[in-house]
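Each remark here refers to the structure printed beneath this line.
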Amino acid sequence: VFVFSFFVNLLMLTVPMYMMQVFDRVLSSRSVDTLYILTGVAIFCLAIFGILDWIRSKLLVHVSSWIDDSLGRHVLSTSVRAAALQSETSSTQGLRDLTQVRNFAAGATIFHFFDAPWVPLYLMVIYMVHPLMGMLAIIGALILFAIALANDWVTRKPLNEANGRAIQQMNMAEATVRNAEVVEAMGMLGNLVKRWDTENRDIMTIQEVASRRAGTLSAFTKFFRFLVQMGILGVGVYLSLRQEVTPGAMIAGSIILGRALAPVEQMIGSWRSFVGARESYDRLNK
């Protein structure tokens, strides 16, 4: 999947390269034949892109099914044994963790993490268009990566705490339902519900703290990405006026930068699901 991601990201350069060639070659030469050839090559590249992206999705779906086939029975039997030895342990938590890992492996979120390593490819192309545009793009990308690391740093502790307490709360709820007759006979239901509600409010408070922090960073990321895109377009216009780059290269550079920064922004937006999958993976290992 990682190898396929390289070619998928390489072929994503088709549209900006096509626009650059149309602006710089077709409009200046007024050659319809050149337009036909460029369009044919672009359509072929986009078709290959679509096929590779489809294969990449199929591979991840296959991986998620393989995870379930390989671990499902083992996780269930191990969970039941753990529950028999320790009554507080949930016999279904392992299966929930397996489901979360499997869904993450087959979902759209994981593609952002496969696409992010190829950001330097786009930055290199922008640098080849003009070093000044390349340096601006590199600085913008580094700042966004720093925001992604900061997002992990400020949300990891509250999310870990909230998830851990949520599992304990779910275990208590399952134990209450499992022993419903005893709970009703001893008149414990009201107190148990009150205890569950208090714990749930605490968990929601912790999750709100993490969500507010992540939301703040996500909003700043969007603002900053648009700011960098606008900046590189402005620099491109300046360089075009000085006849150091062509108008086509200026527009292509702006589009490529948007594509380069998109995976980082999407990673920050979907960080919570990544953290949940990572914790589920750790619990499955244990």
(request) Determine, stepwise, if the pair Arg259 / Val15 fulfils side-chain contact (heavy atoms from CB on, under 4.5 Å). (result) CA-CA 11 Å; Arg259 179 66 196 90; Val15 173; over 6 Å; no
Expected output: side-chain [X] to main-chain [Y] donor-acceptor under 3.5 Å:
X      : Y      : value
Ser64  : Val61  : yes
Ser70  : Ile67  : no
Ser254 : Met250 : no

(request) Only counting residues at least two apart or in another chain, list the ones meeting side chain to side chain contact (heavy atoms under 4.5 Å, CB included) with Ala277. (result)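 For Ala277, the residues satisfying side chain to side chain contact (heavy atoms under 4.5 Å, CB included) (neighbours in sequence not counted) are Phe104.
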(request) Using side chain to side chain contact (heavy atoms under 4.5 Å, CB included) as the criterion, list what pairs up with Phe44, not counting sequence neighbours. (result)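 For Phe44, the residues satisfying side chain to side chain contact (heavy atoms under 4.5 Å, CB included) (neighbours in sequence not counted) are Ile48.
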Look at the side-chain heavy atoms of Ile, Leu, Val, Met, Phe, Trp and Tyr, link any pair under 4.5 Å apart, and say whether [X] and [Y] land in one connected group.
X     : Y     : result
Val1  : Val8  : yes
Phe49 : Trp54 : yes
Leu11 : Leu59 : yes

(request) Run the salt-bridge test on Lys286 and Asp282 with the 4.0 Å N-O cut-off and return the result as yes or no. (result)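 Here Lys286 does not pair with Asp282 in a salt bridge, since their nearest N and O are not under 4.0 Å apart.
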Distance check, rounded to the nearest 0.5 Å: [X] atom [atom1] versus [Y] atom [atom2]?
X      : Y      : atom1 : atom2 : value
Leu284 : His74  : CG    : NE2   : 9.5 Å
Met12  : Ile255 : CE    : CD1   : 14.0 Å
Ile203 : Glu208 : CD1   : CD    : 12.5 Å
Asp97  : Arg102 : CG    : CZ    : 12.0 Å
Thr246 : Leu239 : OG1   : CG    : 11.0 Å
His62  : Lys58  : NE2   : NZ    : 10.5 Å

When you compare the side chain of [Y] with that of [X], does any pair of heavy atoms fall below 4.5 Å?
X      : Y      : result
Phe111 : Arg56  : yes
Met230 : Phe226 : no
Leu35  : Ser31  : no
Ile126 : Ile232 : yes
Ser77  : Arg81  : yes
Glu244 : Leu132 : no
Asp24  : Pro247 : yes

(request) Mind running side-chain contact (heavy atoms from CB on, under 4.5 Å) on Ile147 and Phe220 for me, showing each step along the way? (result) CA-CA 9 Å; Ile147 295 172; Phe220 178 76; 3.5 Å; yes
(request) Can you sort out the partners of Arg225 under side chain to side chain donor-acceptor pair (under 3.5 Å), two or more places apart, ordered by chain and number? (result)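 Counting only residues at least two positions away or on another chain, Arg225 forms a side chain to side chain donor-acceptor pair (under 3.5 Å) with Gln229, Glu265.
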(message) I need the full list of side chain to side chain donor-acceptor pair (under 3.5 Å) pairs touching residues 35-45, with sequence neighbours left out, sorted by first then second residue.
(response)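 For residues 35-45: Tyr18-Thr39.
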Count the heavy atoms of every other residue, nucleotide or ligand shown that sit under 6.0 Å from [atom1] of [X], and state whether that count exceeds 12.
X      : atom1 : answer
Arg25  : CZ    : no
Phe7   : CZ    : no
Phe224 : CZ    : yes

(message) Going by ring-ring contact (aromatic ring centres under 6.0 Å, His included), name the pairs with one or both residues in residues 114-165, residues two or more places apart or in two chains.
(response)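 Sorted pair list: Phe2-Trp118, Phe6-Trp118.
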Side-chain donor/acceptor pairs under 3.5 Å, residues 136-143, sequence neighbours excluded:
none

(request) Report the C-alpha separation of Lys194 and Asp197 in whole Å, then their side-chain angles, then the decisive distance to 0.1 Å, and conclude whether the salt bridge (Lys or Arg N to Asp or Glu O under 4.0 Å) test is met. (result) CA-CA 5 Å; Lys194 190 181 296 182; Asp197 186 56; over 6 Å; no
